[in-house]
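The block underneath contains the structure these notes are about, expressed in structure tokens.
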Amino acid sequence: MNHPTTSELLRADGIGKTYTGEKGTRTEAIGSVSFTVGDGEFVAIVGPSGCGKTTLLRTIAGLLKPSRGELTFDGQPIRKVPDGFGIVFQEYNRSLFPWLSVRKNVEFGLHGLSRQERHERATESLEQVQLSDVEGHYPWQLSGGMQQRVAIARALATHPRVLLMDEPFASVDAQTRIKLELMTAKISSKLGLTTLLITHDIDEAIFLADRVIVLSARPSHVVTEVAIDLPRPRDELGAKADPRFLEYRRIIYDAIVHPDESGAVVEHASAVGT
């Protein structure tokens, strides 16, 4: 069984986002999205391509202002990037500074701390992602998977309560992806992080999450939520061989492809966890 969440930490209440383009043209990226994330919970968000997953995450992070609705973190409205948020983007090669060493990249977001504390946090974070031996290298000297681990270490160095991840493993090969998934699951559990993952990969969502939220096509809304009742710690082969994993995959796939049948999906989703 998954550990129970202790309390609500994040809340999205009727969040919508509309962009205004040239000549006043309007594009509704997010219709109305509502959900909560509990303290210490790992939640994944999936949906069809172009449904606004990244826009939603950037809005939750305080990087974009919602057109409507309310976002709260620990009961307080989100108006900017809150203290306590760590963010990992998909394009690690654009989020790291190529002229800074690995260590300096990890220390970059720690302004205001003493030199010793910055050093200690960077050392701790690099150990967590197993990159202590390359701290003096530059990002361009590392593989894609290692660069993404640097980006994760930088987020961890801020000692976040919430880790937001936007398709963090989409740009690496399959074997590296599995290693990064296992590492993320281990770190999230060990540190008790509240983690919100955006992904297009259904298997990844099921493997990592306590709960999967399925969005509709644009303008997006929540089609259904599926609680993942698989034991932890999870390993790739064991989890995917579990009959429940296959059933979760079918339910989520059907919710994405046939969102009009979401009522039936919710009923099946409840049955799986019993």
Is [X] salt-bridged to [Y], cutoff N-O under 4.0 Å?
{"X": "Glu70", "Y": "Arg79", "result": "yes"}
{"X": "Arg177", "Y": "Asp173", "result": "no"}
{"X": "Lys53", "Y": "Asp166", "result": "no"}
{"X": "Arg68", "Y": "Glu28", "result": "yes"}

With side chains defined as the heavy atoms from C-beta onward, is the minimum distance between [X] and [Y] less than 4.5 Å?
{"X": "Thr55", "Y": "Tyr19", "answer": "yes"}
{"X": "Gln148", "Y": "Ser171", "answer": "no"}
{"X": "Asp229", "Y": "Tyr248", "answer": "yes"}
{"X": "Leu9", "Y": "Val37", "answer": "no"}

Report yes or no: do [X] and [Y] form a side-chain donor-acceptor pair below 3.5 Å?
{"X": "His221", "Y": "Ser216", "answer": "yes"}
{"X": "Thr27", "Y": "Arg218", "answer": "no"}
{"X": "Arg11", "Y": "Ser34", "answer": "no"}
{"X": "Thr194", "Y": "Glu41", "answer": "no"}

* To do: Please state whether the rings of Trp99 and Phe97 are parallel, tilted or perpendicular, taking 30° and 60° as the class boundaries.
  => tilted
* **Test log, rule side-chain contact (heavy atoms from CB on, under 4.5 Å), inputs His119 and Arg103** => CA-CA 8 Å; His119 182 85; Arg103 172 173 284 279; 3.2 Å; yes
* To do: Could you tell me if the ring centre of Phe73 sits under 6.0 Å from that of Phe85?
  => yes
* Asked: Counting only heavy atoms not in Phe35, do more than 12 fall under 6.0 Å of its CZ?
  -> yes
